[in-house]
Amino acid sequence: MRWHAHDFVRRDMDTCRGLRRSGAFVDVDVMWGTGGTGHMHPGASVPFGMVQLSPSNGGDGWQYSSGYHSSSNRFIGMVHTALSGTGLPDFGDLLVVPGASTGRGGGRLDLSLKHPQECAVPGRYVLALSNVMIAATASEHVGVQRIMWKPRAAPHLIFDLGWGQGSTTIAHEVIRVGDGISGWRKSDGFGRVPGTGGTARARRTVYFSCAFHSRAAFEVLFEGTQAIVSWDVNSTQLAPFVVEVQCALSAVSVKGAEGNLRAEEGGFHEVAARATHTWQREFSRFSVNTELPMRRLLMSALYRTLLTPNLLSDADGAWPPAMPRLDDGIGRAYSTLGTWDTFRAASPWLSLFRPSVYTDVVRTMISWATGHRRLPKWLLWDRETNVMIAYHGVAIVADALIKRLVPPADIRAALTSINATTSDHYNEPVAQRHAAGERMPSADTAGGMPEAVSTGLEVAVDDACAARVLTRESMSHDRHASGTAARLAERGRMYSAYYDRARGYFLGTGAAVRYGPFAYHYAHRKANDFTEGSALQYLFTPALTDPDGLAALVGGPDKLAIRLESLFEPRRARADLNARDVTGCLNHSQYCHGNEPVHHAPYVFNSLGKPWRTQYWIDRILSPNANLYRTGPRGLPGNEDTGQLSAWLLFSALGFYPRDPCSGRYELGRPTVHRASLTLEGGGLLNIEVHNQRTEHPYVQRVMLNELELNQSYITHEELMRGAKLEFFMGAAPNYTLFNNEET
């Protein structure tokens, strides 16, 4: 690779490595979570951008959900969309394969990827292959590649519309237009269309417009799903050949993609500089003082939380035809909304760090409900995939209403969306059973369904959130809302109907028998009554919104605390948890941090009058010895799930967490930082200072907010957003009188 020493090439790689070694990106590891089960991509993007210009390994296994895995040395090209840590594969649109053969060729090239020859920082990705150098950057709608072939190569690019990551191309079109090509790709991927009994796959269309800039003329040859672009270059040339490829995407139309390309025009250097500035601005709002490994984890986590949701509207404000808009016709549309994962921490983090984006996300969800009669469950591009259980869009919209992040003009539409979702005929049979005061039969009995108990418990959480917000808004917006709120509050307590007092767990009617005697520790994806978890893990689901009710159900706070402690006891968890999503089990216990159902569990101790146990277990989870969060490609304990694992880490390291997803409260925990500062969107500051912070001081002695000692185990969103100084005082022994004067 002697040609790699050429000044023009070295500049791209050296610039990327320089940004990685110093400045705002020194602590941001873009490769974090690209190995193991993290399912992350290392591609170039800007915060919440539509484009993720990322390398693809061409793998089709579960670990390739994002299209990339650090264990692979295969490279098939660059794609313009990539999912961020999901448990199912999709996207991978508009694959661009650089060719350097002596002829045009026609298939994808399987090139060798050497990881030391790639560099990734926020907004840039650079890769040196044996005969081609690729530098990638992005704006919100446009991906820009600068591709250089070594001397005497026959340069060509294959635009392959037949490729998709876990999706199938149904139809496509590509034509030559001016100095480039344009077209569209329609595909189906994960998920099913609601109301079709699971028979119709969710389909989406990606429109694109690409422009080429080089010193030579080009030709386009169309073969099947491929457009092969070649340049007429003298085969005896002694200098590398360079082409710049700018591809804009749209979810609206080809004209929309062309408009996006014009709106975000600029060469590679200009677009890359803008991307760098955008990321630097985001990181400058978050300052943290702590040990180096944790600081790098936190800055990398912040980066992950800003990758999704993804912008879906065009630069001119146009929305996809399948996305209805609110009457005012303003605001940006967002997608990649996996609510089952994000309602727990990722969405609350967005409400704290980027509330303006959160408001647009919630308005997108409300808008969707105006045309589709329900809030989205898992919105991918402009299509509902119907993946996962319950209807956690309700919890997210309720959270936004409680935090006053829904514009006053949209409150009525928000309430209508909640009412429609909780009563929609598309909803799970579980919701209908609950409305009749009945629990759902077990998966192994007549009329039952897989994951019935998990669905029942989580639907109750969403109904409880709906009841709260309808009760609060009933006086000013809907005189009938109070009656609806009362019915939903009753449904929010329906989890108690699933409790089997003899066994001490939640079960459906009729014991599951197909898998042998009942086992509280067994988990399998859709194989029994639970979703990616066990009966023990789901025992604590009602504590999301009703820890007092759950405590009363199992015999009181002390008994619930004992049951909760058992979640953390070693018991050879991986042998019993036969589900690939259930990973990151702390000391072989049933607390498996790599998946979402247990994320709130350590904070439940606060509600049981034992905050020192919350502090103890947070300390253990975040301990380097736990090996759950660590630097490097394999550093995540499970699927990142569009920011959820990172948001949990950010909240918990700062010392508070939204255990209840629709209360506007954050439970206090055990911070791991020394100091931290968040610059809020309104200009205020949230300062966190931890006194006597040492490894041997895991317990909180007292907490002060704005120099006043707190007597409750939580702080509110409103208190933080006004700007605040939050102080923790740490010690070696538990303070058993901490928060004893708590008022609820």
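All heavy atoms count here, side chains included; hydrogens, waters and symmetry mates do not. Everything quoted here is computed from the prediction, not taken from an experiment.
Side-chain contact annotation: Asn595 with Glu532, donor-acceptor N/O pair under 3.5 Å present. Arg332 and Ser313 share no side-chain donor-acceptor pair at under 3.5 Å. Looking only at atom types and distance, the side chain of Glu640 has a donor-acceptor partner in the side chain of Ser646 under 3.5 Å away.
Annotation for His156 and Ile228: closest pair CD2-CG2, 4.3 Å, computed over non-hydrogen atoms. Closest heavy-atom contact between Cys247 and His80: CB-NE2, 3.4 Å. Of all heavy-atom pairs spanning Ser65 and His39, the tightest one is OG-ND1, 3.4 Å. Taking all atoms of both residues into account, the shortest heavy-atom contact from Glu264 to Ser139 is OE1-OG, 2.5 Å. Among all heavy-atom pairs drawn from Ala333 and Thr364, the shortest one is CA-OG1, 3.4 Å. Residues Ala216 and Ser214 share a closest heavy-atom pair of O-OG, 3.0 Å.
Side-chain contact between Thr205 and Trp381 is absent, with no heavy atoms from C-beta onward closer than 4.5 Å. Side-chain contact check for Ile396 versus Val362: some heavy-atom pair is nearer than 4.5 Å. You'll find the side chain of Thr86 stays beyond 4.5 Å of the side chain of Phe91, heavy atoms only. Residues Val206 and Leu94 form no side-chain contact, since every pair of their non-hydrogen atoms from C-beta on lies 4.5 Å or further apart. With contacts defined as side-chain heavy-atom distances shorter than 4.5 Å, the pair Ser182/Ile175 qualifies. Inter-residue side-chain proximity for Leu307 and Ser45 is flagged as met; some heavy-atom pair is nearer than 4.5 Å. Considering only heavy atoms from C-beta on, Ser84 stays 4.5 Å or farther from Ser66 through its side chain. Residues Pro637 and Leu645 form a side-chain contact, since some pair of their non-hydrogen atoms from C-beta on lies under 4.5 Å apart.
Looking at residues two or more places apart in sequence or on another chain, you find a ring pair (Phe, Tyr, Trp, His ring centres under 6.0 Å) between Tyr303 and Trp279. Taking the salt bridge (Lys or Arg N to Asp or Glu O under 4.0 Å) definition, one finds that Glu270 meets it with Arg274, sequence neighbours left out. Considering only residues two or more places apart in sequence or on other chains, Glu282 meets the salt bridge (Lys or Arg N to Asp or Glu O under 4.0 Å) condition with Arg285, Arg354. Residues satisfying the ring pair (Phe, Tyr, Trp, His ring centres under 6.0 Å) criterion with Tyr125, sequence neighbours excluded, are absent altogether.
Taken to the nearest 0.5 Å, the CG atom of Leu306 stands 11.5 Å off from the OG1 atom of Thr278. Within the model, atoms CH2 of Trp368 and OG1 of Thr370 stand 10.0 Å from one another, a figure rounded to the nearest 0.5 Å. Note that CD of Gln644 and CH2 of Trp340 are 9.5 Å apart. Values are rounded to the nearest 0.5 Å. With values rounded to the nearest 0.5 angstrom, Met133 atom CE is found 8.0 Å from Leu127 atom CG. The line from CG of Leu380 to CG of Asn386 is 13.0 Å long, rounded to the nearest 0.5 Å.
Other residues, nucleotides and ligands place more than 12 heavy atoms under 6.0 Å from the CD atom of Glu173.
For the pair Arg176 and Phe218, the distance from NZ or CZ to the six-membered ring centre is under 6.0 Å and the angle to the ring normal is within 45 degrees.
Ring geometry, Tyr64 versus His69: the interplanar angle exceeds 60°, so the pair is classed perpendicular (tilted spans 30 to 60°). Taking the six-membered ring for Trp and thresholds of 30 and 60 degrees, Trp231 and Trp149 have ring planes inclined between 30 and 60 degrees apart.
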Working for side-chain contact (heavy atoms from CB on, under 4.5 Å), residues Tyr334 and Leu379: CA-CA 9 Å; Tyr334 287 88; Leu379 198 60; over 6 Å; no
Please step through side-chain contact (heavy atoms from CB on, under 4.5 Å) for the pair Val142 and Glu265, ending with a clear verdict. CA-CA 8 Å; Val142 182; Glu265 64 180 356; over 6 Å; no
Applying side-chain contact (heavy atoms from CB on, under 4.5 Å), run through Val229 and Phe212 and close with a yes or a no. CA-CA 10 Å; Val229 183; Phe212 311 130; 3.8 Å; yes
Kindly indicate, with the supporting measurements, whether the criterion side-chain contact (heavy atoms from CB on, under 4.5 Å) is fulfilled by Trp378 and Thr336. CA-CA 7 Å; Trp378 216 121; Thr336 319; 4.0 Å; yes
Does the pair Thr531 and Glu451 meet the rule for a side-chain hydrogen bond (donor to acceptor under 3.5 Å, both in side chains), with working shown? CA-CA 5 Å; Thr531 303; Glu451 308 172 284; 2.8 Å; yes
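Just one of Arg203, Arg204, Arg185 meets the side-chain hydrogen bond (donor to acceptor under 3.5 Å, both in side chains) condition when paired with Ser167; it is Arg185.
Salt-bridge check for Arg383 with Asp90: failed, with every basic side-chain N at 4.0 Å or more from each acidic carboxylate O.
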Run the side-chain donor-acceptor check on residues 239-246: report pairs under 3.5 Å with partners two or more places apart or on a different chain.
from   : atom 1 : to     : atom 2 : distance (Å)
Glu244 : OE1    : Phe268 : N      : 3.2
Glu244 : OE2    : Gln246 : NE2    : 3.2
Glu244 : OE2    : Phe268 : N      : 3.1
Gln246 : OE1    : His213 : NE2    : 3.4
Gln246 : NE2    : Gly266 : O      : 2.8

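Under the 3.5 Å distance criterion, the side-chain polar atoms of Gln165 are matched with a main-chain donor or acceptor of Gly59.
Counting only residues at least two apart or on different chains, no salt bridge (Lys or Arg N to Asp or Glu O under 4.0 Å) pair has a member in residues 310-325.
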